[in-house]
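FYI, the numbering just counts along the sequence from 1. Everything numeric in this text was worked out from a predicted model, so none of it was measured.
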Amino acid sequence: MDLFNIIIRAIVLMTAIPIHEAAHAYVADRLGDPTARYSGRLTLNPMAHIDYIGALALLFTGIGWAKPVPINPNNFEDRKKGMAISAAAGPISNIIVATISLIITKSIGYFSYSFGSSFVLSTLFTIFRTMCFINISLAIFNLLPFPPFDGSRIFNYFLSDKWYFKIMEYEQYIFIGLFVVLLTGILDLPLSILTSAIFSVLDKLTFFVDVIGNTFLL
């Protein structure tokens, strides 16, 4: 990968991860658990959230992770429901950012087609397009139903307490096993298919940009 793409991913890193983690912290706080806020995690400051190994993984592979947001489920009125909702906030925030990024990407594309491209417009187009795809990838990656990913917290909401606590007991071992599976590349194709599918949905949802662009700029 060339230096230009690494720089672009670094820019995305400084936005996607803080928004994802701050969303966890905000929703947990709103549901009654101030742990993340007291820990200084209710912020968009990247340095409060970045795990350096996870950041390097994101830079060079497009998939990474941040420091987990501390959440105390005992502060929720309904522990499992509170964990599920606060967990879902992260991937949802990534999809929202991906949608906004796609709107900006399309707008730049139509503008460049009508008035001529430039290095600045071309760079911005690449940045926001990359931001869109990485945010989609992060959302999908975090929705995997295995601990410690957000998807496991959502999935566990539908389990009995017995199975919920049994899975939590082996969370570390499950993560190691999943990490080994990820290294083999077995999940690359299905994750890529899901990313393309979600991008297609967002493309259709942002049709109004195409309508405006085709009407006024082409």
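The shortest heavy-atom contact between I154 and A87 is CG1-CB, 4.3 Å. Contact between A89 and V27 at its shortest, heavy atoms only, is CB-CG2, 3.4 Å. The shortest heavy-atom contact between K106 and F207 is NZ-N, 4.5 Å. The nearest pair of heavy atoms linking N142 to P91 is CB-CG, 4.2 Å. Contact record, A139 with N94: CB-CB, 3.9 Å, taken as the closest heavy-atom pair.
Judged purely by atom type and a 3.5 angstrom limit, N156 uses its side chain to pair as donor or acceptor with the backbone of S152. Here the side chain of T123 pairs a donor or acceptor atom with the backbone of F119 at under 3.5 angstrom. H49 contributes a side-chain N or O that, together with a main-chain N or O of T43, makes up a donor-acceptor pair within less than 3.5 Å. Between the S86 side chain and the G82 main chain, a donor and an acceptor come within less than 3.5 Å of each other. Listed for the D203 side chain is no donor-acceptor partner under 3.5 Å among the backbone atoms of F199. Using modelled atom types, no side-chain atom of T35 and backbone atom of P70 make a donor-acceptor pair closer than 3.5 Å. A distance-only check finds a donor-acceptor pair linking the side chain of D33 to the backbone of N72 [under 3.5 Å]. When atom types are taken as modelled, the side chain of S112 and the backbone of G109 share no donor-acceptor pair closer than 3.5 angstrom.
There is a path of hydrophobic side-chain contacts, each under 4.5 Å, that joins I104 to F115. Hydrophobic cluster membership is shared by L191 and V201, with clusters built from Ile, Leu, Val, Met, Phe, Trp and Tyr side chains linked at under 4.5 angstrom. Tracing side-chain contacts under 4.5 Å through hydrophobic residues (I, L, V, M, F, W, Y), one never reaches I193 starting from L138; they form parts of separate clusters. One hydrophobic cluster, built from ILVMFWY side chains closer than 4.5 Å, holds both I19 and I96. Taken together through direct or relayed side-chain contacts under 4.5 Å among Ile, Leu, Val, Met, Phe, Trp and Tyr, L205 and F133 form part of one hydrophobic cluster.
A 6.0 Å sphere centred on CZ of F208 holds more than 12 heavy atoms belonging to other residues, nucleotides or ligands. Heavy-atom neighbours of F155 CZ from other residues, nucleotides or ligands within 6.0 Å: at or below the threshold of 12. Within 6.0 Å of the CZ atom in R37, the count of heavy atoms belonging to other residues, nucleotides or ligands exceeds 12. Within 6.0 Å of OH on Y26 lie no more than 12 heavy atoms contributed by other residues, nucleotides or ligands.
Under the 4.5 Å side-chain criterion, counting only non-hydrogen atoms from C-beta, L31 is in contact with I85. Contact of the P46 side chain with the I17 side chain is not registered, since no non-hydrogen atoms from C-beta on lie closer than 4.5 Å. At least one side-chain heavy atom of N214 sits less than 4.5 Å from a side-chain heavy atom of Y110. You'll find the side chain of L13 stays beyond 4.5 Å of the side chain of R9, heavy atoms only. Residues K81 and F76 are not in side-chain contact: their nearest non-hydrogen atoms beyond the backbone lie 4.5 Å or more apart.
Atom-to-atom distance recorded for I100:CD1 and M131:CE is 10.0 Å, nearest 0.5 angstrom. Taking CD1 of I136 as the reference point, atom CD1 of I95 lies at 6.0 Å (rounded to 0.5 Å). Going from atom CD1 of I108 over to atom CD1 of I103 covers 12.0 Å, rounded to the nearest 0.5 Å. For the atom pair CD1 (I7) and OG1 (T130), the distance works out to 12.5 Å, reported to the nearest 0.5 Å. Rounding to the nearest 0.5 Å gives a distance of 7.0 Å between OG of S93 and NE2 of H24. To the nearest 0.5 angstrom, I8 atom CD1 is 11.0 Å from F128 atom CZ.
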Task: Criterion side chain to side chain contact (heavy atoms under 4.5 Å, CB included) on H20 and N135, from CA distance to verdict - done: CA-CA 9 Å; H20 179 104; N135 272 279; over 6 Å; no
Task: Chi angles and distances behind the side chain to side chain contact (heavy atoms under 4.5 Å, CB included) call for R41, K67 - done: CA-CA 10 Å; R41 301 296 299 278; K67 292 187 292 187; 4.0 Å; yes
Open item on the list: Show, in sequence, the C-alpha distance, side-chain angles and deciding distance for S117 and F125, and conclude whether the side chain to side chain contact (heavy atoms under 4.5 Å, CB included) test is met.
Closed with: CA-CA 10 Å; S117 186; F125 180 89; over 6 Å; no
- [ ] Begin with the C-alpha distance, continue with both residues' side-chain angles, and end with the deciding distance and a verdict on side chain to side chain contact (heavy atoms under 4.5 Å, CB included) for I198 and I140.
- [x] CA-CA 9 Å; I198 292 180; I140 293 172; 3.6 Å; yes
